[in-house]
There are 2 protein chains.
Amino acid sequence: MKVLIVEDDLVLMDVLSFTLRREGYEVVHAQDGKTALEQFDTENPTIVLLDLNLPQLDGLSVCRHIRQKHDTPIIILSVRDSDEEVIEGLRMGADDYMTKPFSPAQLTARMETVLRRVGQSAPRKLSLGTATLDPERHLLEQVDADPIQFSPLEYSLIELLMINGERVLPTQTIIDRIWPGGGDKAMLKQLVYRLRQKIEACDIYIDSVPGVGYALVQRKR
Amino acid sequence: MKVLIVEDDLVLMDVLSFTLRREGYEVVHAQDGKTALEQFDTENPTIVLLDLNLPQLDGLSVCRHIRQKHDTPIIILSVRDSDEEVIEGLRMGADDYMTKPFSPAQLTARMETVLRRVGQSAPRKLSLGTATLDPERHLLEQVDADPIQFSPLEYSLIELLMINGERVLPTQTIIDRIWPGGGDKAMLKQLVYRLRQKIEACDIYIDSVPGVGYALVQRKR
DNA sequence: TGATTCTGTGACCACTTTGTGACCAACTCA
DNA sequence: TGAGTTGGTCACAAAGTGGTCACAGAATCA
């Protein structure tokens with residue numbers, strides 16, 4: 001997936017390039033509005049990150065120009081933070097507007113959010129150790145092992161635990177998120193039991209902290 | 001267009017209701033997480049505005065529950081503003097995250113931005129492997145095979161699946177899009193059955209992932 | 001206007017999923 | 001030290017799911 005970063009601040013450009021490459025994106029960039037449009041035509045990026053204060057052609061003009069012919073997601077990154085300016089940017093066709101300074105982690109999360117909406121990216125897979133969870137097919141995949149298929153409730157539980165890393169998730173939080181209509185501890189312990197049986201040959205397991213909750217952790221070697 | 005506002009602060013609720021009605025939205029609301037899910041099922045809103053700190057069931061549980069089955073846009077409105085919390089909200093399936101306090105004008109601009117991306121029309125022609133869908137004539141064409149003519153509902157389903165690539169589309173999402181007025185799983189499984197019969201000689205087929213949904217995939221050779 | 005197609009519905013079936021109850025060991029607390 | 005709680009285990013049965021088939025009314029077509 002290719003990102004066009006349009007930014008004249010070279011320090012920020014470097015930080016963003018590094019972060020996005022580490023996330024697996026291919027990165028191209030431009031330092032002024034005119035070059036941005038040229039790059040857009042030649043590189044055909046999946047998403048554009050667009051500063052507004054640019055030499056040669058301002059960012060809003062770039063945004064308007066792209067949006068006249070293309071549906072490519074655009075996120076504006078700007079120091080201008082008044083409501084009027086945010087609204088103008090969004091109405092000019094941007095999909096999101098982040099005011100500087102922002103954290104790279106939040107930027108990549110917002111990029112994923114927009115890409116998810118336009119159907120350009122599969123949901124991110126979650127990993128713990130060598131185990132990888134497939135959110136589309138509700139599978140757990142691991143090297144040298146058959147994938148494990150989960151039922152809806154099993155998947156719901158393991159996803160929650162995996163999102164939380166190896167930290168303990170409180171019992172009542174788990175119950176609320178799995179059974180918003182109402183569940184109880186007996187149902188959860190039964191579900192934990194069934195899930196443990198399915199993953200017993202994996203590198204990960206469900207640890208319980210009595211009186212607190214559960215965590216997904218890696219088996220030690 | 002119907003908005004479900006999930007907010008337990010009645011002052012903010014009133015302000016938002018007034019603002020959104022003035023913009024032409026139909027507004028329904030809930031003051032706690034459980035009621036929110038009930039309202040979601042009965043009202044089938046176009047978009048959800050979701051506080052996180054809620055009685056009965058927290059907003060992240062509501063968000064996750066909705067997103068497991070539906071692709072209705074969700075914007076989180078919360079006082080929690082750390083990067084971690086924003087990222088968690090977006091990863092739990094929200095389309096945007098606004099921290100309180102925010103201006104109603106920016107909220108409506110962000111709603112428009114997300115809604116702009118919903119229900120976009122299909123590209124001109126869709127292909128998967130050697131099979132090509134003709135949107136004007138509702139045909140599937142393949143080299144060395146007679147074209148297959150689809151009924152309106154059959155075409156609607158295969159187009160949805162083809163837009164999604166070979167990825168799994170959740171059952172309820174498919175139902176929402178094919179029968180906006182309300183469909184059910186029995187209707188969908190019947191439609192899938194009929195469509196499978198029509199494409200059984202093709203290079204593509206409908207794969208089901210029990211408990212999740214369906215995908216259009218290429219037959220392997 | 002009759003023929004044909006489309007669509008919603010019901011039924012059957014095999015299988016899976018889920019909620020529940022029961023039992024037990026370990027732990028906590030008064 | 002006894003009562004109560006909790007987490008783990010096991011089995012049962014109800015509910016749900018996905019696939020298949022056919023029926024019949026509505027819609028469309030020629």
Side-chain angles (χ1 to χ4, degrees), chain A residues 136-140 146-161 168-201 204-217 219, chain B residues 41 65 68-69 137-140 146-161 168-200 205-217:
Chain A
E136 290 195 338
R137 291 183 167 265
H138 291 192
L139 293 175
L140 189 71
D146 288 336
I148 303 168
Q149 178 76 55
F150 297 117
S151 74
L153 285 180
E154 289 162 355
Y155 177 79
S156 188
L157 175 57
I158 197 166
E159 184 190 47
L160 269 183
L161 296 176
V168 177
L169 200 57
T171 297
Q172 193 56 50
T173 298
I174 298 176
I175 292 169
D176 286 346
R177 289 190 186 173
I178 294 182
W179 295 280
D184 60 36
K185 289 180 178 180
M187 290 160 71
L188 179 56
K189 73 181 184 177
Q190 183 57 52
L191 186 59
V192 168
Y193 177 71
R194 288 180 173 134
L195 185 52
R196 276 179 172 144
Q197 283 192 304
K198 282 196 168 177
I199 66 173
E200 72 186 340
I204 55 178
Y205 68 98
I206 299 172
D207 187 30
S208 68
V209 180
V212 181
Y214 296 91
L216 197 62
V217 296
R219 294 188 207 276
Chain B
D41 282 340
H65 185 83
Q68 274 175 334
K69 300 180 174 199
R137 297 189 287 152
H138 287 196
L139 294 177
L140 186 71
D146 289 336
I148 303 169
Q149 177 75 57
F150 297 117
S151 73
L153 283 180
E154 288 163 354
Y155 179 79
S156 189
L157 175 57
I158 197 165
E159 184 188 47
L160 257 187
L161 295 175
V168 178
L169 202 53
T171 296
Q172 196 56 55
T173 298
I174 299 175
I175 292 169
D176 289 346
R177 291 190 194 176
I178 293 184
W179 294 279
D184 60 35
K185 290 179 179 180
M187 290 159 72
L188 180 57
K189 72 181 183 177
Q190 184 57 51
L191 185 59
V192 168
Y193 180 72
R194 286 176 174 137
L195 186 51
R196 275 179 172 145
Q197 284 192 305
K198 282 195 169 178
I199 65 173
E200 71 185 342
Y205 68 97
I206 298 172
D207 186 29
S208 70
V209 181
V212 186
Y214 297 92
L216 197 62
V217 295

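In what follows, chains carry the letters A, B, and so on, assigned in the order in which the sequence lines appear, proteins first and then strands, with residues in each chain numbered from 1. Given the structure is predicted, the values throughout are model-derived calculations rather than measurements.
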Axis-to-axis angle across the helix from C:dT1-D:dA30 to C:dA30-D:dT1, five pairs each end, nearest 10 degrees, ~ 50°
Its contact letters, B for base, S for sugar-phosphate only and - for none at protein heavy atoms under 4.0 Å, make nucleotides 10-29 of chain C read B------SBBBB--------
Could you tell me which residues satisfy side-chain hydrogen bond (donor to acceptor under 3.5 Å, both in side chains) with B:R137, sequence neighbours excluded, listed by chain and number?
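For B:R137 the side-chain hydrogen bond (donor to acceptor under 3.5 Å, both in side chains) partners, ignoring immediate neighbours, are B:D134, B:E141.
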Test of understanding: with side-chain hydrogen bond (donor to acceptor under 3.5 Å, both in side chains), list the residues that count as partners of A:T171, not counting sequence neighbours.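 None.
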For this session: Indicate yes or no: does A:R194 engage A:E154 in a salt bridge with an N to O separation below 4.0 Å.
Result: no
Using the ring-ring contact (aromatic ring centres under 6.0 Å, His included) criterion, which residues pair with B:H65? Sequence neighbours excluded.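 Once residues adjacent in sequence are excluded, B:H65 has no partner under the ring-ring contact (aromatic ring centres under 6.0 Å, His included) criterion.
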Could you tell me whether A:D184 atom CG has more than 12 heavy atoms of other residues or ligands within 6.0 Å of it? yes
With a sphere of 6.0 Å drawn around NZ of B:K69, does it hold more than 12 non-hydrogen atoms of other residues, nucleotides or ligands?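 Not more than 12 within 6.0 Å, no.
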What is the separation between atom [atom1] on [X] and atom [atom2] on [N], rounded to the nearest whole Å?
{"X": "B:Q197", "N": "D:dA22", "atom1": "CD", "atom2": "P", "value": "10 Å"}
{"X": "B:R196", "N": "D:dG18", "atom1": "CZ", "atom2": "C1'", "value": "8 Å"}
{"X": "A:L195", "N": "D:dG7", "atom1": "CG", "atom2": "C1'", "value": "15 Å"}
{"X": "B:Q172", "N": "D:dG16", "atom1": "CD", "atom2": "P", "value": "15 Å"}

The side-chain contact (heavy atoms from CB on, under 4.5 Å) partners of B:V192 (sequence neighbours excluded) come to B:L157, B:L188, B:R196, B:I206, B:Y214
| task | Pick base, sugar-phosphate or nothing for A:Y214, based on heavy-atom distances below 4.0 Å to the nucleic acid. | result | sugar-phosphate
Any side-chain N or O of A:Y193 under 4.0 Å from OP1/OP2 of D:dC10?
yes
So, does B:K185 get its side chain near the phosphate of D:dT17, meaning an N or O under 4.0 Å from OP1 or OP2?
yes
Qualifying residue, where the test is side-chain contact (heavy atoms from CB on, under 4.5 Å) with B:L216 and the options are B:I199, B:L160, B:L169 |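 Passing option: B:I199.
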